[in-house]
Number of protein chains: 2
Amino acid sequence: MRKPNAKDRILETAGALFFQRGYSGVGINEIIEKAGTAKASFYQYYPSKESLCEAWLRALHDQSENYRRVLLEEPGPSREKVARYFDRLGKFLVESDFRGCPYSNTGALSEANCPGIAEQIREHKEATRNFFRILASRSIDEHAKADETGDRIFVLYSGATAESQNLKELWPVTVARSAAVDLLPI
Amino acid sequence: MRKPNAKDRILETAGALFFQRGYSGVGINEIIEKAGTAKASFYQYYPSKESLCEAWLRALHDQSENYRRVLLEEPGPSREKVARYFDRLGKFLVESDFRGCPYSNTGALSEANCPGIAEQIREHKEATRNFFRILASRSIDEHAKADETGDRIFVLYSGATAESQNLKELWPVTVARSAAVDLLPI
DNA sequence: TACTTTACAGACAATTCTGTCTGTTTATCT
DNA sequence: AGATAAACAGACAGAATTGTCTGTAAAGTA
């Protein structure tokens with residue numbers, strides 16, 4: 001039974017709540033109550049709720065970047081890696097009851113016009129886009145064509161996430177997966 | 001200088017505000033103030049804020065359904081119609097400063113678990129999906145293949161909307177447009 | 001032992017939110 | 001003119017929000 005310090009406990013608790021009910025749907029009082037900390041401790045580590053949101057998105061970004069890096073370093077054709085990335089998305093959405101993309105969900109809020117949060121969203125999205133471009137460039141020689149293909153897969157990935165959330169069904173992911181794989185040569 | 005009744009004025013004002021800043025970012029007090037009505041008038045026509053949201057989404061849905069119906073009835077190949085539909089999306093996003101899809105934005109909120117709102121979202125998304133399936137079926141003979149293609153275009157459309165919003169850039173729409181057109185035979 | 005850091009407990013202020021309520025004014029119709 | 005419906009004005013309740021503030025307890029460290 002480990003008991004991390006207050007700062008980490010707050011981040012983990014808030015992360016779970018933000019993801020489940022959205023940034024604007026969770027209050028600080030609930031976060032500190034579930035994290036078992038005092039409000040003074042909260043404001044010692046996070047000067048505002050927005051800064052906590054930034055820290056949450058940054059942590060998520062680090063995790064996903066790590067997975068993409070590992071996937072890129074593994075051997076195997078790009079087609080298979082793209083397929084695996086979509087499979088992972090499907091698993092994630094099912095397990096999280098189709099809560100969708102935390103970045104898109106946060107960006108849909110008017111509070112997200114805070115520059116720090118907006119920058120986190122942009123950074124993550126551009127990183128994901130770049131990931132697909134790299135995978136495409138390994139299968140496609142022509143530079144412009146590879147970039148275009150990577151962008152197409154990126155849009156498919158985003159649409160799959162969004163519509164799975166809206167419809168609470170998995171089929172958008174499987175459809176997007178097939179479409180993405182078809183974009184890459186054998 | 002027309003002056004519609006209070007009910008319509010509320011719906012129009014709320015619609016513009018909801019779209020601009022999101023359902024949770026706008027309060028009733030602001031709506032009635034900008035609409036120039038009294039709070040009592042508001043609650044005479046809309047028993048709750050949620051019911052107003054439903055009415056807003058329903059009105060949006062009727063408008064978009066109407067456009068799709070007209071587009072389907074016009075002559076011309078499916079490829080061109082799909083291309084026009086994406087062009088219209090791009091124009092809409094640019095003019096609205098990349099506020100994205102009102103349905104997806106509302107669905108990202110925890111308040112959207114209200115059954116009425118959730119049903120509106122589902123209905124609209126299924127209608128859009130069906131629209132692309134119809135267009136695909138006119139270009140593709142095989143039934144299953146046409147449905148699959150329509151679904152792929154639907155996912156592309158959704159991803160274009162979402163990422164244009166996240167990145168505040170138009171390229172996801174143009175990329176998705178090309179990808180969608182390529183899915184249909186000449 | 002004395003000091004410092006970390007965290008807890010919780011009152012409080014200042015807003016903001018939805019929704020209810022009382023009462024007044026204006027317009028329309030007979 | 002008189003009756004009826006629609007809309008206005010705005011106070012109020014009750015709850016929830018973020019953020020500040022005071023004080024206390026427990027732990028490690030010199």
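Below, chains carry the letters A, B, ... as their sequence lines are ordered, and counting in each starts from 1.
Considering only side-chain atoms of Ala40(B), the nucleotide from dT20(C), dA9(D), dT17(D) that sits closest is dA9(D). Of all nucleotides listed (dG19(C), dC8(D), dA9(C)), dG19(C) comes nearest to the side chain of Ile28(B).
Atom CD in Glu33(A) sits about 12 Å away from atom P in dA16(D), given to the nearest Å. Between the CD atom of Glu111(A) and the P atom of dT17(D) there is a distance of 13 Å, given to the nearest Å. The NZ atom of Lys49(B) sits 15 Å away from the P atom of dT20(C) (whole-angstrom rounding). Between Ile32(A) atom CD1 and dT18(D) atom C1' there is a gap of 11 Å when expressed in whole angstrom units. Between the C1' atom of dA9(C) and the CG atom of Asn29(A) lies a distance of 13 Å, rounded to the nearest Å. Protein atom OH of Tyr43(A) is 19 Å distant from nucleotide atom C1' of dG23(D), rounded to whole Å. The distance from atom CD of Glu50(A) to atom P of dT17(D) is 17 Å, rounded to the nearest whole Å. Taking atom CZ of residue Phe42(A) and atom C1' of nucleotide dA9(C), one finds them 17 Å apart after rounding to whole Å.
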message: One pair to check against side-chain contact (heavy atoms from CB on, under 4.5 Å): Leu89(A) and Tyr85(A). What are the steps and the verdict?
response: CA-CA 6 Å; Leu89(A) 171 65; Tyr85(A) 203 69; over 6 Å; no

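A cation-pi contact, defined as under 6.0 Å to the ring centre and within 45° of the axis, is absent between Lys81(A) and Phe131(A).
With Trp56(A) as reference, Phe18(A) is the one residue of Tyr103(A), Phe18(A), Tyr23(A) to meet the ring pair (Phe, Tyr, Trp, His ring centres under 6.0 Å) rule.
Both Lys39(B) and Lys7(B) lie close to DNA chain D; mapped to their nearest nucleotides by heavy-atom distance, the more 5′-ward contact belongs to Lys7(B).
Look at Arg9(A) and you'll find a side-chain N or O under 4.0 angstrom from OP1 or OP2 of dC8(C).
The aromatic ring centres of Phe19(A) and Phe92(A) sit less than 6.0 Å apart.
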